[in-house]
Amino acid sequence: MNVTYQNIKGTFDILPDAQDGSDAPIPGSPAWQYVESVIRDVMARYNMLEIRTPILEPTPLIARGIGQLTDIVAKEMFAFERGDTQYVLRPEVTAPVMRAYLQHRLDQRGGVQKLFYIGPCFRAESPQKGRYRQFHQFGCEVIGSPDPRADAETIALMMDVYAAFGITDLRLRLNTLGDEQSRPRYREALQAYLAPHADRLSETSRQRLRTNPLRILDTKDERERALLAGAPRLIDFVDDESRAFYEEVKALLDLLDIPYEEDPFLVRGLDYYTHTAFEVESDNLGAQRALGGGGRYDLLSREIGSKQAVPAVGFAAGIERLLLELTARGLPLPGIPAPDAFLVALGDEATRWVFATARTLRRAGLRVALDLKGRSMKAQMREANRQRARYTVIVGKDELAARQAQVKHMESGEQVAVAFDALAGFLLEHRAAVAA
RNA sequence: GUGACCGUAGCUCAGUUGGUUAGAGCGCCAGGUUGUGGCCCUGGAGGUCGAGGGUUCAAAUCCCUUCGGUCACCCCA
């Protein structure tokens, strides 16, 4: 079978079993299902409700929402035009969720909307470890609350997702970006400080000095970091109210025993953040060490056209990176599930009986496999063994005559006769304990 | 967008200074067992050597281009 087409660069297929053909293996679909189910479970415990928005969004929503000057919008979007509409494959989900919130007037339902999502996003970056062009994010958005408890709850939820996988030692970095008033003041001060040293900045940083100086703060360039060590701190520019808000977020995290590191240089890549910003990172992921991050984005609703500001906070995290982290830690991921029974038939009559009986057993709730290729008994047994079936149910002429099947426990090799009528009951009773 | 490394059976790899029909292990299929898997033995299928071009009497091997992968820069999940 010669291959004619391949998946698009930076995308991958999720097969039933893990792909070992790559240096950065993609776990199989059972592992993905498991990870998603754990995420859903934690979301449920926080009383988060799922929202599913389209993969395709209007380009202006994304461009205005996350900022024209961000790398994502400037060079990483899969966007196209059709007729007079501009479409984009969503590069993140926060702006779409806010769009849905405004469009459906969810604010009119009273209370705070607590929404979560799991799904694919797209960015046209060059792929590397833990970074793909189609990747998968999960996250939550708490919309409608200006209260620092919303921030702390969001962070607690994110940490509890990792904790649910047994990961409790991640680094949580925390910062405040101030509000609408303090940010411009700080921006000017930073520009004033850096301008005389422009010759020591990289080309991109020089550009950002004019357009988006805060982004220079998270540079990895050693020389620039040294320069920034003496730079003015944002915390010194925020007003009392913002400072009190930040202090309260920290106090709430302390209350929940969630350790964090304050990092005055933490600024996130998207323009819509104000106040709280946070990021969770691991040492196991190479250059892509951020597992997830988020913050408060009270300005987003107005950016995308709402007349009123809607206070909101949320986080987003990468599923590929979570999977990478789980693998790096040697945490177990489920593989292909084993059938409760594999039905083995000898002869035409038995084949028909087995085909019908498979359905009966399946309707009784059992995972049942059988041969669909007309293979020899030996081959059927081999297949049952390969699939790690718990039992084989063997039926030929003799069994049909006696109306009882030979039921073989594959691991021990023990075999007993079970009356046809008692088959489902026997298999249900001896079913493998449901895997975690 | 930039740089480094890497592309030989489904997988992991070998392939001598370019030299006949490109190999191994695992996996797959079948037989040894006429109604019983795993272990063992035997046999078999499976490769346009990523693709295209060039050098040469001769290319998996040398050169160029291209595609893909991996990692890093950038940025981010």
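FYI, side chains are in, hydrogens and waters are out, and symmetry mates aren't considered; it's all heavy atoms of this structure. A note on names: the letters A, B, ... follow the listed sequences, proteins ahead of strands, and every chain is numbered from 1.
A donor and an acceptor atom never sit less than 3.5 Å apart when one is taken from the side chain of Glu325(A) and the other from the base of A77(B). Scanning atom types as modelled, one donor and one acceptor separated by under 3.5 angstrom connect the side chain of Glu399(A) and the base of G35(B). The base of C74(B) sits with one of its N or O atoms less than 3.5 Å from a complementary donor or acceptor on the side chain of Arg131(A). With hydrogens and angles left out, the side chain of Thr392(A) and the base of G37(B) share no donor-acceptor pair within 3.5 Å. At a cut-off of 3.5 angstrom, counting only N and O atoms as typed in the model, there is no donor on one side facing an acceptor on the other between the side-chain of Gln380(A) and the base of U36(B). Donor-acceptor pairing under 3.5 Å, judged by distance alone, is present between the side chain of Arg321(A) and the base of C76(B).
Contact annotation: Gln128(A) side-chain N/O to U70(B) OP1/OP2 distance is not under 4.0 Å. OP1 or OP2 of C29(B) has at least one side-chain nitrogen or oxygen of Arg375(A) nearer than 4.0 Å. At C75(B), none of the side-chain N or O atoms of Arg133(A) fall inside 4.0 Å of OP1 or OP2 (strictly under the cut-off). Taking side-chain N and O atoms only, Arg215(A) has a distance below 4.0 Å to OP1 or OP2 of C76(B).
At the heavy-atom level, Lys9(A) lies under 4.0 Å from the strands shown only through sugar-phosphate atoms. In this structure, Gly413(A) reaches the bases: a heavy-atom distance under 4.0 Å links it to at least one base atom across the strands shown.
Here the side chains of Phe80(A) and Thr59(A) are not in contact, with every heavy-atom distance at 4.5 Å or above.
Across A72(B), U33(B), C75(B), the shortest atom-to-atom separation from the side chain of Lys378(A) is found for U33(B).
For the residue pair His409(A)/Gln415(A), the side-chain donor-acceptor check at 3.5 Å is not satisfied. Under 3.5 Å, the side chains of Asp179(A) and Thr274(A) contain no donor-acceptor pair of N or O atoms.
Residues Tyr34(A) and Pro334(A) approach most closely at CB-CG, 3.4 Å, considering heavy atoms.
Between Ile319(A) atom CD1 and C76(B) atom P there is a gap of 21 Å when expressed in whole angstrom units.
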